[in-house]
Each structure stands twice: as structure tokens, then as C-alpha cells.
Amino acid sequence: MTPAELRDLLADCLAVWGVKGRVEATMQDVVITTAAEQCTLIPAPGTMRPARWLLQTPERANSGRDPRIASSIAAAISGVRHAVG
């Protein structure tokens, strides 16, 4: 999945969830920003397989915790949903 495809998928998810926000893609990650939260979804490096995605929030980063690991796109979307409320 390309960053642009992931951006579009997550933008659609925000719309379905009724959450106002924006989704921005770079070459390395996708940043989801809402009024309540910001989170970053990063493809996991191949050395972390079966992990596929890493989800980082400012709260996790500020407390020194590693990103949340997701082994599928469904798990990653669930993590984003939880993060943005």
C-alpha cells in the first residue's frame, strides 16, 4: 500500500467515523490530526515482521514508550480509531 493510498483510506475512515481531521502522507509515514489527537502510522521495517505497522502518538512518545505494533492494516486502523477517539 502506498502512502497516498493509506492517506486516502484513513481519510475515508475519519469520514465514516464522523471525526473531523486531516491526513497527510510523506514518503515515510502518514500523520492523522484531529482536534483531540495526533498520531503517526509508520510502515514497520522488514526486520520486525510479522509486525506491519507502527502507530505512535505524542503521549506514547513523551512517556518514552515504543510505538504500538499492528500486524495488519485492520489492526492499524483499529489503533488509529482508538487514538483519535
Side-chain angles (χ1 to χ4, degrees):
M1 177 173 283
T2 69
E5 291 169 331
L6 182 58
R7 177 198 63 219
D8 293 345
L9 174 62
L10 290 170
D12 288 347
C13 288
L14 290 180
V16 168
W17 299 332
V19 176
K20 293 184 189 254
R22 100 179 158 266
V23 183
E24 300 174 81
T26 70
M27 294 303 290
Q28 295 84 20
D29 58 23
V30 174
V31 178
I32 303 98
T33 306
T34 68
E37 184 66 80
Q38 181 179 50
C39 58
T40 305
L41 192 58
I42 308 155
T47 57
M48 291 186 73
R49 296 291 188 246
R52 305 287 292 174
W53 303 95
L54 304 174
L55 180 66
Q56 186 60 285
T57 63
E59 180 181 273
R60 290 181 78 86
N62 291 339
S63 67
R65 294 168 54 201
D66 291 332
R68 180 177 171 182
I69 295 172
S71 59
S72 68
I73 191 63
I77 291 171
S78 175
V80 169
R81 177 66 175 126
H82 179 72
V84 300

Closest heavy-atom pair and its distance - R68, R60 | N-NE, 3.5 Å

Looking only at heavy atoms, what is the nearest atom pair of T26 and P3, with distance?
-> O-CB, 3.3 Å

Hey, which of T34, V31, T33, I32 is the one that makes side-chain contact (heavy atoms from CB on, under 4.5 Å) with C39?
-> I32

Path from I42 to L6 over hydrophobic side-chain contacts below 4.5 Å = no

Output for pair (L41 CG, R7 CZ), nearest 0.5 Å, gives 14.0 Å

Residue pair V30 / W53, side-chain heavy-atom distance below 4.5 Å | no

Distance, nearest 0.5 Å, that separates CD of Q56 from CD of Q38 | 11.0 Å

Of all the heavy-atom pairs spanning I69 and M48, show the shortest one and how long it is.
-> CD1-CE, 3.9 Å

In short, P43 meets Q28 closest at the heavy-atom pair CD-O, 3.3 Å

Do other residues, nucleotides or ligands put more than 12 heavy atoms under 6.0 Å from E24 CD?
-> yes

4.5 Å side-chain heavy-atom contact, D29 and L54 = no

Minimum heavy-atom distance between R81 and V19, given as atom pair plus value = NH1-CG2, 3.8 Å

Find the distance between CG (L14) and CG (L9) and round it off to the nearest 0.5 Å.
-> 10.0 Å

So how far is it from I73 CD1 to S78 OG, rounded to the nearest 0.5 Å?
-> 11.5 Å

